[in-house]
Amino acid sequence: MKNNHDTGHRGLFRTVALISAVFAMVMCVLIVVNYIQVKRTDPLNTPVMKALVERLQGNPGDDQLRQQIRELDLLARKAFFTTQWQVRMGGYLLFFSLLIAVICLKYLEMREKPVPEAPQGEKTDFWNDRNINRSWVAYTGIGIVVLALVLGTLTHLELGKRLEPAGLLMGGNNATFNAGNANNAGNADNADSGKRRVAVAVVTEGYPSAQEINANFASFRGPGGDGIALKQNTPTSWDGKGMKNILWKTEVPLPGFNSPIIWNDRVFLTGASETTREVYCFDLNSGKIIWKFPVDKIQGTPAKAPVVNKETGQCAPTMTTDGRRVYAIFANGDLIALDMDGKKVWAKNLGLPANHYGHSSSLVMYHDLLIIQYDQRGAGCVMALSGKTGEVAWKTSRNVRISWASPILVNTGSRMELILVADPLVASYNPADGKELWKMECISGEVGPSVAYADGVVFSVNDYAKLAAVEIGDPPKLLWEDNEYLSDIPSPLATGKYLFLATSYGTVVCYDARKGTKYWVHEYDTPIYASPILANGKVYLLDKKGVMHIVKADQTYAVVGEPQLGEGSVCTPAFASGRIVIRGDKSLFCIGKP
Amino acid sequence: MKKIRVIFIFVVLLSLQFMNAYGVQRFPKPDFESGYLQPETLQPSARAGLLAIMDVSVLALALALVSWLVLKKRSRTGVFWTSVFSLAYFGFYRQGCVCSIGAIQNVTLALFDKSYVIPLAVLAFFILPLVFTLFFGRTFCAGVCPFGAMQDLVSFRPQKPDPRLNAVLGMMPYIYLGLAVLYAATGSDFIICRYDPFVGIFRFNASFGMLIFSGTLLVSGIFIARPYCRYLCPYGVLLNWASRFSWRHLTITPDKCIQCRLCEESCPYDAIDIPVVDLNPEGRSVTARKLILVSLLVPFFIVLGGWTGSRLHETLAGVNGKVRLAKILLEPERYRDQPEPFEVTAYKSSGKPLTVVYDEAAGVLRRFYTGGWLLGCFIGLVFGMILAGRLLTRYSTDYTPNKGACFSCARCVDYCPVEKNGTKEVKP
Amino acid sequence: MEETAGDPKLNRREFIVRSIRVTAFLGLGGLAVLVAEKSGSGETVWQLDPSKCIQCGRCATNCVLAHSAVRCTHVYAMCGYCDLCGGYFKPGTKTLNTAAENQLCPTNAIKRKFVEDPFFEYTIDEPLCIGCGKCVKGCGAFGNGSLQLQVRQNICVHCNQCSIARSCPAEAFSRVPAKKPYLLKQITLEGPKSGG
C-alpha cells in the first residue's frame, strides 16, 4: 500500500518537474526571441516616425500630421514597455519554473536515494588516467604559451616605444642624451629598471622623468614653460597684509624681476644690483634662505654691468633646474650652474649681449641640455649646453632681431619641439640637435611675450603687431589673427579650448582657441606684468599691485577669488602642491594652508 | 521679461551650439511672488552600514555552523540546508555583492593603491573563509558560498570528467587568479566581478551575454558538478592551498576504513583519492627520472612563462582605460571618418595636457610589463608544480578525501557504513 | 591509525604541514594587518562627478541593472525655472508646450509645471528616467546645469566594481563614502555676463 502511494507521489513530482522544465525551455526561447527583437528596434527612431517628423518640419501647420505623430509615438512607447514587461515577466516565470523543477528533482533525489552499493567491476585504472592527465597538462602548458605568444605578437603595437618619447621631456631612454649612463642603454622595455636606478641612486646623473618634471615647477611658466601648472588644490584665498594663509614671507636681499622656480622643497631665484649678482635657495616649508651664492670671478665677465632698462633689471631671466643642478643667467652674460647645495659646478660668460633693455630670455631644460635663447642685435642664436659640463651641445644661429621672450618646450604628440619667438618669426627647433623644424613670419617689433601652446596651435602676440594662432606643422598654417588686444609683457596662456590674453594695460581677454572669437573681455584698473598661469582649471592673473585675479578657465567670466598679496609684483607665480610662491617687489611669499 | 528671456536663450542656444559649459549660473534664481516653495532635491541614502556588520556575522556563523555540521555532526542534510540558506541570504537577499571571490581584488587593490580604502567588511569576507579553511577544510565551499550552493543544487547527473578535460581546465583557475590580481593591482578592472556568472541571476538582471554564460554553466553543471568552482574560481585556488594544510579535515569514515568501496562513486567532484597499492607500471626509476627532469625544468618554465607574459603585456594593458585613451589619442587618423569617440570628447573637456595622458599610459604600460612577467612566472611555476604533482604518488590503502579538491560537502559521509564505534545499519 | 603515531615519516610530514599551516596563518594575519591599517569601517558607494560627466549616454546602457541606477537629479536651487528649458525641449522647438514631439526626454520623465509668469518648474519622474543624460546635456549647454546625473543609491545594487565606472569615458565615477553618497554640484557662481 505504502509503496503504491509512494510511487504515485513520485510520479507526480516527476511529472511536475518535467512540465516545469519544458515550460522553462519554452520561456527561454521566447525571451531570446523577444530580446533580439527589442535589441533591433529603437522605438522612437523608426523610419516611419522620422519621415513623418521631417514632413511636419516642412509643413508646421499640419495639425493632422502632428496628431498622427503623437499617436504613433504613444503606440511605439506602449509597444516598447510591453516588450520590457514581457521580458521581465518571462524572466520571473523562467526562474520560478526552474525553481519548481529543481525542488521536485531534489525531492525525488532525496526520496530515491539509492541504497549505497559498491561499484561493480574493475576499479578505474589509476595509472592510465594519471598518465593521460599528465600528458595533457603538458599539452595545455604548451598551448597556453603558443596562444599567448601568437596573441601578443598579433596585438603588439610598440605602444610603449611610441608613448615614451611622446611624454613631455620623458625620462625615456635616449642614448644620445644619456652618455655616461650605461644602464640606460638598451631597448625601451628595459628602460624602466634603468631609469629607476638613475633616479634613486645617482641624482647628479641623467635627467628627471616626465613625472618629476610635472610634479615640480622647474622653469619660467611651469613645466615646459607653457603656463600650465599641473597642480591640484591650489589656494584661492589669502591675504598678505593680514598674513592669512601666508605660510611665510622672506625678504629677498637683492632685487630682480625673475620669477621663482620650485624643485621638491626648494625655491630658487636670483637677485642683482649693478655690482653684485646672487643666486638664492629658499626652503619651501620655512622660507629660510638655505644658501646664497655670489656669482663672481667668472672668466670673461665684463667689468661694468650693462646699462639696462629699469623695468628689465640685471637679472630678468628666470632660472631653471633639472633636479641635479640649478642654472642662472644674468644680463651681463654670466651663466652659472650650481649643485643643489649651492656649490659651483661650472660657470662661463656668454659674452655681453647686445641688448638695449637687458637680456631677459629665461632658461629651460630638455633632458640634460640647458637651452638658452640668445637673440641679440646682429647675432641671434639658440644654443644647448650640457647641464653637467657646460659644453656646447649644439648652437643654431637665427636671423632675427632682439627678443625678450623665452623659449617653450612642447610635446606635439609625436615629438618634442622647442618654440621661440622673435621679430619677425615664430620658429620651432628639435631640442635634441637644434635643427629648425618650421617657421612662420607672423610677428614684429620688440617681442616681449613668449608663445603659448595647446593642442597643436601656437599663439604669438606682441604690442603694435598682432595676435596670431598658428597650427604647427611643415608648413605651419595661420588659423586666425586679431589685433584688438595686444600684450607687450605678459605671455598668453592656451588651453585646448581657450586662449587667455592678459595685457600690460590690465585687460584680460578670453578667445576661442580654434576660431579666435572672443568669449569675454574684462578690464582691470591695474596693469598686469606677470604671465597668467593655469592651475586646477583656474587662471591666475597677478596684477602689478599684487592682487591675484583668479578666474575660471571658462567661456564665461567667473571670478573665483581676488586675494591680495599686500605688495606689488611683476613676477610670474610658481606653483607647488597646495602652495603658490610669489615674488613681490621686496619679499618672497609662500601661500598655502598652514 | 518673458520675451527677453526667450530671446536671450535663443542667442545662447545659437552661439553655444556645441559648447559644453557646465554649472554656470546663466539665469539667476527667480524671485517668486506667488509663494512658490522650492522642492528639496531628494538624496536617498544607501543601505545602512550596520547591515555590513550583519553580513559579516552571518558569514562567520554560517562558516562555524557548516564546519560543525561537517566535522562533528557529519550531516549532509545539515550542510545542504545551510547552503540553501546561504544561497537565499548571500545570493538572493544580498545580491551576491560583496563576495569572498571578488574580495581578492579589493585586497589586491588596497595593497597596491595607497588611496584605496578597503571596507573592513570586505576584508573580513576575504580573510574569514581562508582562516576557517586552514582550520577545517573548504567548509566555505560546502555551505556558505552562494555560487557553490547554486551549482550544487543542479548537479543531478554528475559524471566523472575525462582526465584530459581535467588537465586542460584545471589550469584555468590559476590563470584567472593571476589575471584578476594583475588587473586589480594596476587599478584597471575587477574582472572577477565583470565575468561573474551568477550575480545576474541573483539580481534578475544581467546582460544577455552574461545570461548565456550563466545558463551554459548551470546546464553543464547538471553533468559536470560545480564547473565554476572547479575550473574557474580564483578564490578556490587559495582555498585549495589552504585546505591542503588544514588542521582538521572532513574524513569519509569516522573510524577505520573497511574498504567497502561504497563511497567510491559518491563524490560528484572527483575529489576522493582511491587507494593506490600496486606500483606504477612504468617503474620507479623512470618516474624518478621524470620527476628530477621536471624539477630541473621548473626554473625554465618560470622564465618561459614570464617572458611569454611580458610579450603579452600590451594586449593585457588594453583593458586599462588610461592606455585605451592614449591609444585613441595616438592614432587620430583612425577615427577621422567616425564620430569623435566619447573618450576624446571627455579628454578634451578635462583640460588635461596630452603629455600627462601619455605619461600615465606609459606608466601603466610599464606596470603591465612587470605584471606580465610576474603573471607568466606564476603560471609557469604552477604548471611545474602540477606536473611534478602528477609524478608524486602517495600510496595508501584507504579511501580519503583529496584535501585540496574536496569541497567538504559531506556526501561521502552519508555513504560510509562505519560508525564511530562499529558498523552502522545502512538505512534502506 | 595506531601505526601513524609510530611512523617517523608521517610524523615528519605532520610537522611540515603544521609549520606551513602556522606560516599561512601568520601570513594571513600580516596581510590583514597591512591592509586593515588603512581600511575604514565606513562603506563606500559609487558615485559620478557631474563636473566630469560628458553625458555620453553610457550610464543608461552599461549599468548591470537593465534600468540603470543612474538617474537625472534636479538641483532645484540652481534652476533658473526657464520657460524655454534646454533640458526639456528639443533644440529648435517652436511651440513651448508639452507635446511629445517637442520633448527632449525619450521617456517623458520630466514634468513641466507652470509656477508663475514666466517661470516653470521641472520635476524628474525618477521611475521613468533612464539616465540617458540628454536633458543634462541640454541644461548644461543652454542653462544653469541644474540637471545632473547621479547614481541613485536607493536603486543602486552597489556592485564591488561598478560596470558603468569601467566604461565611463570621462573617468567620472569613483568610490565615495556611503555617509555622503552624492556629488551634486550645488555652488553657483554669479559673474557679470561678458561683453563680446
Which of A:D455, A:L105, A:N128 touches chain B most, by non-hydrogen pairs under 4.5 Å: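 So the answer, after comparing A:D455, A:L105, A:N128, is A:L105.
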
Flag if over 12 foreign heavy atoms under 6.0 Å of OH, A:Y139: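 No, because the 6.0 Å sphere around OH of A:Y139 holds 12 heavy atoms or fewer from other groups.
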
Neighbour count above 12 (heavy atom, 6.0 Å) for B:M172 CE: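 For B:M172, atom CE is crowded (more than 12 foreign heavy atoms under 6.0 Å).
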
Region of [X] that comes under 4.5 Å of a non-hydrogen atom in chain A:
X: B:L391; result: both
X: B:V323; result: side chain
X: B:F368; result: neither
X: B:V168; result: both
X: B:I175; result: side chain

Full working for side-chain contact (heavy atoms from CB on, under 4.5 Å) between A:V145 and B:F301: CA-CA 10 Å; A:V145 169; B:F301 293 150; over 6 Å; no

Hey, what do you get for [atom1] ([X]) to [atom2] ([Y]), rounding to the nearest 0.5 Å?
X: A:L151; Y: B:T308; atom1: CG; atom2: OG1; result: 12.0 Å
X: A:Y35; Y: B:I212; atom1: OH; atom2: CD1; result: 9.0 Å
X: A:I132; Y: B:R390; atom1: CD1; atom2: CZ; result: 13.0 Å
X: B:I386; Y: A:N133; atom1: CD1; atom2: CG; result: 9.0 Å
X: A:I144; Y: B:F383; atom1: CD1; atom2: CZ; result: 8.0 Å

Short side-chain to backbone donor-acceptor contact, A:D129 and B:P163, under 3.5 Å: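 No: the side chain of A:D129 does not pair with the backbone of B:P163.
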
Winner by heavy-atom pair count (cut-off under 4.5 Å) against chain A, out of B:L387, B:V276, B:L165, B:L211: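 Between B:L387, B:V276, B:L165, B:L211, the count favours B:V276.
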
Restricting to non-hydrogen atoms, name the atom on [X] and the atom on [Y] that form the minimum distance, rounded to 0.1 Å.
X: A:W136; Y: B:A167; result: CB-CB, 3.5 Å
X: B:T315; Y: A:G152; result: OG1-CA, 3.8 Å
X: A:V102; Y: B:L153; result: CG1-O, 4.2 Å
X: A:R130; Y: B:T393; result: NH1-OG1, 3.1 Å

Side-chain heavy-atom pair A:L94, B:F204 within 4.5 angstrom cut-off: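 SC-SC contact between A:L94 and B:F204 ruled out.
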
Close side-chain approach of B:F156 and A:K106, heavy atoms under 4.5 Å: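 Yes, side chains in contact.
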
